Every structure is written in structure tokens, then in C-alpha cells.
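Here is the structure we will look at, set down as C-alpha cells.
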Amino acid sequence: MILTSGPGFGFSGGQFGFTLTGPAGRSVVVEASADLVSWLPLWTNTFAGSLNFSDSQSGVHPNRFYRARTP
């Protein structure tokens, strides 16, 4: 899985987002944490090309960390 760090990464319209690419048919889970200890799943999807993730709650939390994993 690849997390894009170019044009598909960062804030847009007050929301943080990024683009993920990975093998077709593979699932990905995006999780968020305020303390890097407790993680909350936010989004699950299956690759069929690149996927665009955007967190509508990113502006609500002063510290928000993200990770993407394949189950």
C-alpha cells in the first residue's frame, strides 16, 4: 500500500485528506488517534485503483494522527 505525499495529501476545504493506492481487491482501514495509543477506525474500503480519504472531523480535534492498515 502506498500513501501519497504529493497533491493528494493535506488540507482542502478545512478537511485533512490523502490518497491511497494498493493492490486491487485488497481492503484498507484508516484509523485515527489523539494520543498514538488508542486507535479508532474511521473508514474501510477496498482498492480498485486509488482511494481518496477525507476526514470531516479533522478540524474538531487539536491533535489527530492517522494510519492506514490492511487487515
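Here the structure is a predicted model, which means the values were calculated and not measured.
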**Prompt:** Are L40 and F65 connected, step by step, through hydrophobic side chains (Ile, Leu, Val, Met, Phe, Trp, Tyr) whose heavy atoms are closer than 4.5 Å?
**Reply:**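 Each belongs to a different hydrophobic cluster.
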**Item:** Joint cluster assignment, W39 & F16, ILVMFWY side-chain distance < 4.5 Å
**Value:** no
**Asked** Quick one: does S33's side chain have a donor or acceptor within less than 3.5 Å of a partner on S38's backbone?
**Response**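 Checking the backbone N and O of S38 against the side chain of S33, a donor-acceptor pair under 3.5 Å is found.
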Quick check: closest heavy atoms across [X] and [Y], and the distance to 0.1 Å?
X: S27; Y: P71; answer: O-CD, 3.5 Å
X: Q15; Y: S54; answer: OE1-OG, 2.7 Å
X: L51; Y: W43; answer: CB-CH2, 3.7 Å

**Message:** Quick one, L20 and N45 - any side-chain contact, counting heavy atoms below 4.5 Å?
**Reply:**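 Not in contact.
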**Asked** Side chains of V28 and F53: does their closest heavy-atom pair fall under 4.5 Å?
**Response** no
**Request:** Any pair with a residue in residues 21-32 that passes salt bridge (Lys or Arg N to Asp or Glu O under 4.0 Å), sequence neighbours left out, goes on the list, sorted by first then second residue, please.
**Result:** E31-R67, E31-R69
